[in-house]
Each structure stands twice: as C-alpha cells, then as structure tokens.
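Could you have a look at this structure, given as structure tokens, before my questions?
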Amino acid sequence: MRHLMSPLDFSVEELDQLLNLAADIEANPRKYAHTCDDKRLATLFYEPSTRTRLSFEAAMMNLGGKVLGFSDEKSSSATKGESVADTIRVTSCYADICAMRHPKEGAPLVASMASSIPVINAGDGGHQHPTQTLTDLLTIRSLKGHFDNLTIGLCGDLKFGRTVHSLIEALVRYSNVKFILISPEELRVPSYIREDVLKKKHIAYKEVERLEDALPELDILYMTRVQKERFFNEEDYVRMKDFYILDRAKMALAKEDMYILHPLPRVNEISVEVDSDPRAAYFKQAQYGVYVRMALILTLLEVKLP
Ligand code: NCD
C-alpha cells in the first residue's frame, strides 16, 4: 500500500505516468466515470480549505465514487482529544482512501503509519503540499510542454508557503531548471530547502527582493499569499501582507509567454486587473487540480484502468 506525503514519493517516471493519466482524463473524462463506483474517499480536514478539499471530492465523484469526512476539526472528535492515529484507524473501516490536511507538520505521516488505507497529505502546516505540486506540474507541462531549461520565479511567502517547498523539491529533479526566489528577507525559503535541496544538488538559484528585477527572466511566475495563519503576531503579518502586488504595469516587464501560477487563495498579491491577461493561468490551474487528483486516486487505489 502506498501513501503520498511528499512529491518525492513518486519517481520522475511515475510522475510522468501520473501526469499522462491526468491528461488522458482531461481529454476523455467519460472513460473514467465508473472506475471507482464502489470506492469511498474520506476527507479529514483539520484546517480550512476550498480548492483542495472540493477538488478531491469532485475528483472522487467524477470517478463514480463517494465521499465522506469533515471540513472543520471542531466538528470532529479531535476536540475531545482523539489522536490522528486513532481517527485514521477508525476511518480505515469506513473508506478506501483518505486525504488529510492538518496544521501540524508530520500529522498525515503519523496517520499513514496507523492506517490500513492509503493516506494523502493534503497540506501539513508550513511543510509540504504534494497534491498542489502535482497540480502545478500538470499546469506547467500543459502550458510549456516540458520542465527542462525553465526559469521559475517563486514570489511571496517562501518561508511558510508549503506549496513552494514541495514544488522546488519536485522541480530540481528535471534538468537545468533555474530558480529565482523573490521574497522579503524575513520570508526567505527555510534553510533546509536552501542547503539540502538547492545547494546540495548544485541547482542554479538566486534570492532577490524586487519582483521587477526578476520578471524579465522568468518563464513561470509562481505567486503566493503571505500565510497569515502561520505568523506569531498580527503586526508582522500586516507589515508583510502587501509587500508584492503584481499588476498590469509590472506584467509589461514579463515575457510574452511567461505564465502566472498561484495555488490560490489570492489576497492582494495579484491585482484583479491581471486576471484578463492571457498569461494568467491560476484559474485554469485550479481546474487541473481535479484531473491530477483523479489520476492520483486511481493510482493509489491501483484501479484497473479502462
Ligand atoms: C495553498 C495551501 O493550502 O497551502 N492553498 C491550496 O491548497 N490551494 C496555498 C495557500 O493557502 O496560500
């Protein structure tokens, strides 16, 4: 039985297969409509979510399966003091696969060790968010056709942004991918990403503060929200929250084929006037999240493909 805790749980070849399956699902959705008729997905969300939970549920429904779960830990027995290990042990009796989001780093991993069904990490604190990365990879591949030789700019809260950590870990496995890490000093990537991932693998990267300086070089700009819920005090958040605002004037500095991705939700970091720019790919990206999660459910459940 396989779980998904980090994008590195799949080899590059396996990821390729998964993205190919997602692309086939996009092209031929009807073919897959009954592949999970007798299956159930549990969504155990101890932290707020719109896209991740709804796209998981839509994914399972599109496959003919059913969904159950909770979207707020206050409505679960966590408030009575139940451990995630006990919760998943019980959930294993009711469902065939589980997606779990938790504010504590490592909670889905603890769950996976007590589980008799596949557990998918749907975001653990400021750590990892592998299914967002699968979504991001499918989006980039659909827009650019490949990952090799791309210059990727990641902008905003690179410290607490779990989607950023997972995406960097996944992309360093392709050849000649360069990173420009755009953040205020206080929100730079954690040192384990800089030292153990980027430096150790000799990846070309630079860290800059001004978005304008990076924009002309980029093939992809990955914008992120300042992660309000991970700040220790409100003042620091207020000081940081509008550090970057991508608007039409700044987009004039970017290449004609530089696409903007954002895991969403967006707050102020992308002005709504940018939404109509043909390079704005973030809503399309949310749609890709359904196809890739369908592919992931089929893969982890080892469903015989039609
Ligand atoms: C992201 C997350 O939860 O980490 N959202 C998502 O899953 N699409 C990004 C964010 O909340 O800023």
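Sequential numbering from 1 along the given sequence is applied to the chain's residues. Source: prediction; values computed, not measured. Counting starts at 1 for both ligands and their atoms, following the listed order.
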**Note, Val189 side chain near Lys159 side chain (heavy atom, < 4.5 Å)** = no

**Prompt:** Using a 4.0 angstrom limit on heavy atoms, which residues are close to ligand 1?
**Reply:** Thr52, Arg101, His129, Gln132, Arg162, Thr163, Arg225, Gln227, Pro263, Leu264, Pro265

Name every donor-acceptor pair, under 3.5 Å, that has one atom in a side chain of residues 78-86 and the other anywhere in the protein, sequence neighbours excluded.
from, atom 1, to, atom 2, distance (Å)
Thr79, OG1, Ser76, O, 3.0
Glu82, OE1, Thr87, OG1, 2.9
Ser83, OG, Asp86, N, 3.1

**Request:** Kindly write out the residues that satisfy side-chain hydrogen bond (donor to acceptor under 3.5 Å, both in side chains) with Asp38, not counting sequence neighbours, or none if the list is empty.
**Result:** none

Run the side-chain donor-acceptor check on residues 294-304: report pairs under 3.5 Å with partners two or more places apart or on a different chain.
from, atom 1, to, atom 2, distance (Å)
Thr299, OG1, Ala295, O, 2.7

**Prompt:** Do Asp136 and Gln132 have a side chain donor and acceptor closer than 3.5 Å?
**Reply:** yes

**Prompt:** Are Phe179 and Tyr205 an aromatic pair by the rule of ring centers under 6.0 Å?
**Reply:** no

